[in-house]
Chemist: 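I am attaching a structure below and will ask some questions about it afterwards.
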Amino acid sequence: MSNIRAIRGMNDILPGETPYWQFLEQTVSRVLGSYGYAEVRLPVVEQTELFRRSIGEVTDIVEKEMYSFDDRNGESLTLRPEGTAGCVRAAMQHGLLNTVQRLWYAGPMFRYERPQKGRQRQFHQIGVESFGVASADMDAELIVLCARLWRELGIADSVQLQINSIGSPASRRAFRDALVHYLEQHVDALDADSQRRLHSNPLRILDSKNADTQALLDAAPALVDYLDDESRTDFAQLCDLLQAAGVPYVIDTRLVRGLDYYNKTVFEWVTQSLGAQGTVCAGGRYDGLVAQMGGRAVPAVGFAMGMERLVLLLRERGKPRAAAPAAHIYAVAAGRAAQRAALTAVETLRDELPQLVIVQHTGGGSLRSQMKKADKSGARVALIWGEEEVTSASVTVKRLREASGETAGAAQRRVPARELAATLCAEFADGQSDEG
RNA sequence: GUGGCCGUAGCUCAUCAGGUAGAGCACUGGAUUGUGACUCCGGAGGUGGCGGGUUCGAGACCCGUCGGCCACCCCA
């Protein structure tokens, strides 16, 4: 085996996997489309500055996880670590923000992290962003949309919704100061990671996994008590709408988000069945980001789903509905003349019966070995061309998966070439095209 | 960046007190010079992740390194 391997944390998605991805992509595209969201396709590379300014200088992503490099002209570029920044940039650049915009995108993101279950260096997200609506009914729309998506994907039982409000920047600042003030008096009781975060990113201490730290937080100032009136009423409205829509949720007052641009509503869909990386979808409001990037003040909400994590859930739930189609027909030919006849006949067949999956044997070999391939392809019918068929302008049609009990005589017959399409049409008329 | 576990054929794994590797599946040829599945016979495929050390001798022991998995951190 060659020394050249895929980069750590950047995985190949092989034929056994792609049906799950296709099912996911098709379902997402359909559901989002039905809510009036339009797909955008954005560059994978952006100016490094874009991410520094939007995600936040002191976040782990910007500090140590970005794949950055200098372009040939010396400009610093970065493989996007998340999608929102680029989406905002594109919307601003092309003047899409004069009206309400509902957008979505899907694609690879890059973060230099240690791989583990549900986490890799190149991973894929589906992002959904809404611009221009400040009220909580928009937040509700996004969450309800998620809930529908989980139902369509068949994983609704596996995920749980957690929501919170982190308030306006001003109220969060006030809370932050109070929290730091409180924790500074208990520094020694904090775990090492939380001590480090105390001044860099104190809000993150709230969702520390350390039990002692969590105990300490019980007596700490609570984010809820610092919320501004607007955040409070908007959050109440969101809860009310979710209730009306029948979407269950739990309020997690310690839920915060890692990226700087969030405000007000934040939410996460989490699962128990993915190990330590249980967040399958997360997002929130980011009303200040567009202005911060130099645009008008445009309110926005959005979220991102981790496709690898969703695929893991789909796999747990068994076969996807959009499986790769097994071959219906395998075409076999012995000899040069037969090969010519087979190729042209099969091409004609594809014109006449485009819904059939026809695999044409290539690579020669004995008829026997070709038939072995036919069997392994999973095809229900083999078409056989040999000398006799060529001279008599006919084809042998052989059933490979005869239901037990049927007469052996029906298993194989020779039909005139011009009747082939009609014969196969009848053969597959039951509509049961295939089963993996 | 830190920690734990692991690294033998394409895949799943085995072997032994340290004495130059084996099975199943998959692949392939044949048993039927025009026909698959079941069965039978044969074949190919491994520098035992890589490098060093101990030893008369190492896949098995030691060290290093690379890679994988999981966890911390962080996040989708």
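Computed from heavy atoms alone, side chains included, the values below leave out hydrogens, waters and symmetry copies.
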Chemist: Would you kindly compare A/I384 and A/C281 by the position of their nearest RNA chain B nucleotide and give the one closer to the 5′ end?
Modeler: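 Final value for this comparison: A/I384.
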Chemist: Between B/C73 and A/R196, counting only base atoms on the nucleotide and side-chain atoms on the residue, is there a donor-acceptor pair under 3.5 Å?
Modeler: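 It does not, because no donor-acceptor pair links the side chain of A/R196 to the base of B/C73 below 3.5 Å.
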Chemist: Please give me the minimum heavy-atom distance between A/L161 and A/P248, naming the atom from each residue.
Modeler: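 Nearest pair, atom of A/L161 first, then A/P248: CB-O, 3.6 Å.
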Chemist: What integer number of Å spans the P atoms of B/U2 and B/A58?
Modeler: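 33 Å, rounded to whole Å.
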Chemist: Using a heavy-atom cut-off of under 4.0 Å over every strand shown, decide if A/E63 touches base, sugar-phosphate, or nothing.
Modeler: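 No contact.
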Chemist: How many Å lie between OH on A/Y105 and P on B/A76, as a whole number?
Modeler: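 Roughly 10 Å, once rounded to whole Å.
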Chemist: Using a cut-off of 4.0 Å on non-hydrogen atoms, how would the nucleic acid contact of A/G275 be classed: base, sugar-phosphate, or nothing?
Modeler: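 Counting heavy atoms under 4.0 Å across all strands, the contact made by A/G275 is with sugar-phosphate only.
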Chemist: Could you give the distance separating B/C62 and B/U54 at their C1' atoms, to the nearest angstrom?
Modeler: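 So the two C1' atoms sit 7 Å from each other.
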Chemist: Could you tell me whether A/Q277 contacts a base, only the sugar-phosphate backbone, or nothing, with contacts defined as non-hydrogen atoms closer than 4.0 Å?
Modeler: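 Since a base atom lies under 4.0 Å of A/Q277, the category is base.
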Chemist: Side chain of A/Q116 only, please: which of B/G1, B/A76, B/C70 is the nearest?
Modeler: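 Among the listed nucleotides, the one closest to the side chain of A/Q116 is B/C70.
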Chemist: Crowded around A/R254 CZ? As in, over 12 foreign heavy atoms under 6.0 Å?
Modeler: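 Correct, the count exceeds 12.
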Chemist: Return the CD1 to CE distance between A/I61 and A/M66, rounded to the nearest 0.5 Å.
Modeler: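 So the CD1 of A/I61 and the CE of A/M66 are separated by 9.0 Å.
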Chemist: Could you grab the distance from atom CD of A/E427 to atom CG of A/L424, nearest 0.5 Å is fine?
Modeler: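 Answer for the CD-CG pair, A/E427 versus A/L424, is 7.0 Å.
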Chemist: B/G46 and B/A9: how far apart are their P atoms, nearest whole angstrom?
Modeler: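 After rounding to an integer number of Å, I get 10 Å for this pair.
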Chemist: Exactly one of A/E268, A/R309, A/Q162 should register a side-chain hydrogen bond (donor to acceptor under 3.5 Å, both in side chains) with A/T279. Which one does?
Modeler: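 Exactly one option meets the side-chain hydrogen bond (donor to acceptor under 3.5 Å, both in side chains) with A/T279, and it is A/E268.
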Chemist: For a quick check under 3.5 Å, do A/Y67 and A/R111 share a side-chain donor-acceptor pair by atom type?
Modeler: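 No, A/R111 and A/Y67 have no side-chain donor paired with an acceptor closer than 3.5 Å.
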Chemist: Ignoring hydrogens and angles, answer whether the base of B/C73 and the side-chain atoms of A/E65 contain a donor-acceptor pair closer than 3.5 Å.
Modeler: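 Donor-acceptor pair under 3.5 Å: no.
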Chemist: To the nearest 0.5 Å, what is the distance between NZ on A/K209 and CG on A/D193?
Modeler: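 Spacing of NZ (A/K209) from CG (A/D193) equals 11.0 Å.
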Chemist: CG of A/D207 versus C1' of B/C72: gap in Å, rounded?
Modeler: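 The distance from CG of A/D207 to C1' of B/C72 comes to 14 Å, rounded to the nearest Å.
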Chemist: I need the CZ-C1' distance between A/R119 and B/G68, as an integer number of Å.
Modeler: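 The answer, rounded to whole Å, is 15 Å.
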Chemist: Whole Å only: how far is the CE atom of A/M305 from the C1' atom of B/A76?
Modeler: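 The distance from CE of A/M305 to C1' of B/A76 comes to 10 Å, rounded to the nearest Å.
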Chemist: Please report the distance, rounded to the nearest Å, between CD in A/Q370 and C1' in B/G34.
Modeler: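 One finds 10 Å between C1' of B/G34 and CD of A/Q370, rounded.
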Chemist: Which range-with-range stems can be found for RNA chain B when each stem has 3 or more Watson-Crick or G-U pairs in a row and both distances sit under 3.5 Å?
Modeler: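 Stems found: B:1-7 with B:66-72, B:10-13 with B:22-25, B:27-31 with B:39-43, B:49-53 with B:61-65.
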Chemist: Using the P atoms only, state how far B/A37 lies from B/C41, rounded to an integer number of Å.
Modeler: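 It comes out at 15 Å once rounded to the nearest Å.
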Chemist: What's A/R257 touching, base or sugar-phosphate or nothing? Going by heavy atoms closer than 4.0 Å.
Modeler: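 Counting heavy atoms under 4.0 Å across all strands, the contact made by A/R257 is with sugar-phosphate only.
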Chemist: Counting distance alone, no hydrogens or angles: does the base of B/G36 have a donor or acceptor under 3.5 Å from a partner atom on the side chain of A/K398?
Modeler: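 Answer yes: a donor N or O sits under 3.5 Å from an acceptor.
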Chemist: For atom P, what is the distance between B/G34 and B/A26, given to the nearest Å?
Modeler: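 Comparing P positions in B/G34 and B/A26 gives a spacing of 27 Å.
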Chemist: Identify which nucleotide among B/C73, B/A76, B/G34 has an atom closest to any side-chain atom of A/Q125, counting heavy atoms from C-beta outward.
Modeler: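 The answer is B/A76, which lies nearest to the side chain.
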Chemist: Please answer whether the main-chain N or O of A/I163 pairs with a side-chain N or O of A/D252 as donor and acceptor at a distance below 3.5 Å.
Modeler: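 Here the side-chain-to-backbone pair does not exist.
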Chemist: Taking atom CZ of A/R418 as the centre, report whether more than 12 heavy atoms of other residues, nucleotides or ligands fall under 6.0 Å from it.
Modeler: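 At most 12 heavy atoms, drawn from other residues, nucleotides or ligands, come within 6.0 Å of this atom.
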Chemist: Quantified in whole Å, what is the P atom distance between nucleotide B/A71 and nucleotide B/C16?
Modeler: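 The same atom, P, in both gives a distance of 34 Å.
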Chemist: Would you call A/R119 and A/E113 a salt bridge, using N to O less than 4.0 angstrom?
Modeler: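 Looking at A/E113 together with A/R119, the answer is yes, because their closest N to O distance falls below 4.0 Å.
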Chemist: Among the nucleotides B/G36, B/C73, B/A76, which one has an atom lying closest to any side-chain atom of A/D60?
Modeler: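 Within the option list, the nearest is B/C73.
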Chemist: Using a 4.0 Å heavy-atom cut-off across all strands, classify A/A282 as base, sugar-phosphate, or nothing.
Modeler: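 The residue A/A282 makes sugar-phosphate contact but no base contact.
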Chemist: What nucleic acid atoms does A/A374 come within less than 4.0 Å of, heavy atoms only: base, sugar-phosphate, or nothing?
Modeler: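 No contact.
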Chemist: Charged N to carboxylate O under 4.0 angstrom, A/R102 versus A/E129?
Modeler: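 Looking at A/E129 together with A/R102, the answer is no, because their closest N to O distance does not fall below 4.0 Å.
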Chemist: Regarding A/E388, tell me which of base, sugar-phosphate or nothing describes its non-hydrogen contacts under 4.0 Å with the strands shown.
Modeler: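 Base contact.
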Chemist: Determine the Euclidean distance between corresponding P atoms of B/U12 and B/G49; express it in Å to zero decimal places.
Modeler: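 Straight-line distance between the two P atoms is 15 Å.
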Chemist: From CH2 of A/W385 over to C1' of B/U35, roughly how many Å is that when rounded to an integer?
Modeler: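 For the pair A/W385 CH2 and B/U35 C1', the rounded distance is 14 Å.
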Chemist: Looking just at side-chain N and O atoms, do A/Q214 and A/S208 make a donor-acceptor pair shorter than 3.5 Å?
Modeler: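 Looking only at side-chain atoms, A/S208 and A/Q214 do not form any donor-acceptor pair under 3.5 Å.
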Chemist: On the side chain of A/Q412, is there an atom forming a donor-acceptor pair with the base of B/U35 - under 3.5 Å, no angle test?
Modeler: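 Yes.
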Chemist: Identify which nucleotide among B/U35, B/C73, B/G36 has an atom closest to any side-chain atom of A/L400, counting heavy atoms from C-beta outward.
Modeler: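 The closest nucleotide is B/G36.
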Chemist: Just the rounded figure in Å: distance from P of B/G68 to CD of A/Q120.
Modeler: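 Taking atom P of B/G68 as the reference, CD of A/Q120 is at 12 Å.
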Chemist: When we call it a touch if two heavy atoms are under 4.0 Å apart, what does A/R114 touch: a base, just sugar-phosphate, or nothing?
Modeler: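 Base, at least one base atom sits under 4.0 Å.
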Chemist: Test for a donor-acceptor pair under 3.5 Å between the base of B/G34 and the side chain of A/E389, counting only N and O atoms.
Modeler: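 Yes, a donor-acceptor pair under 3.5 Å.
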Chemist: Which nucleotide in the list B/G68, B/C72, B/A76 gets nearest to the side chain of A/R5?
Modeler: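 That would be B/G68.
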Chemist: Taking for each residue the nucleotide of RNA chain B with the nearest heavy atom, is it A/E82 or A/K64 whose nucleotide lies nearer the 5' end?
Modeler: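 Its nearest nucleotide lies further toward 5', so the answer is A/K64.
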Chemist: Anything under 3.5 Å between a protein N or O and an N or O of nucleotides 25-33 of chain B, put it in a table, one pair a line.
Modeler:
from, atom 1, to, atom 2, distance (Å)
B/G30, N7, A/R368, NH2, 3.1

Chemist: Rounding to the closest angstrom, what is the interatomic distance between B/G4 and B/G10 at atom C1'?
Modeler: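 Here B/G4 and B/G10 have their C1' atoms 29 Å from each other.
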Chemist: Ignoring backbone atoms, test whether A/R8 places a side-chain nitrogen or oxygen under 4.0 Å from the OP1 or OP2 oxygen of B/G67.
Modeler: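 For B/G67, OP1/OP2 do have a side-chain N/O of A/R8 under 4.0 Å.
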Chemist: Between the side chains of A/N164 and A/T253, does any donor sit under 3.5 Å from an acceptor?
Modeler: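 No.
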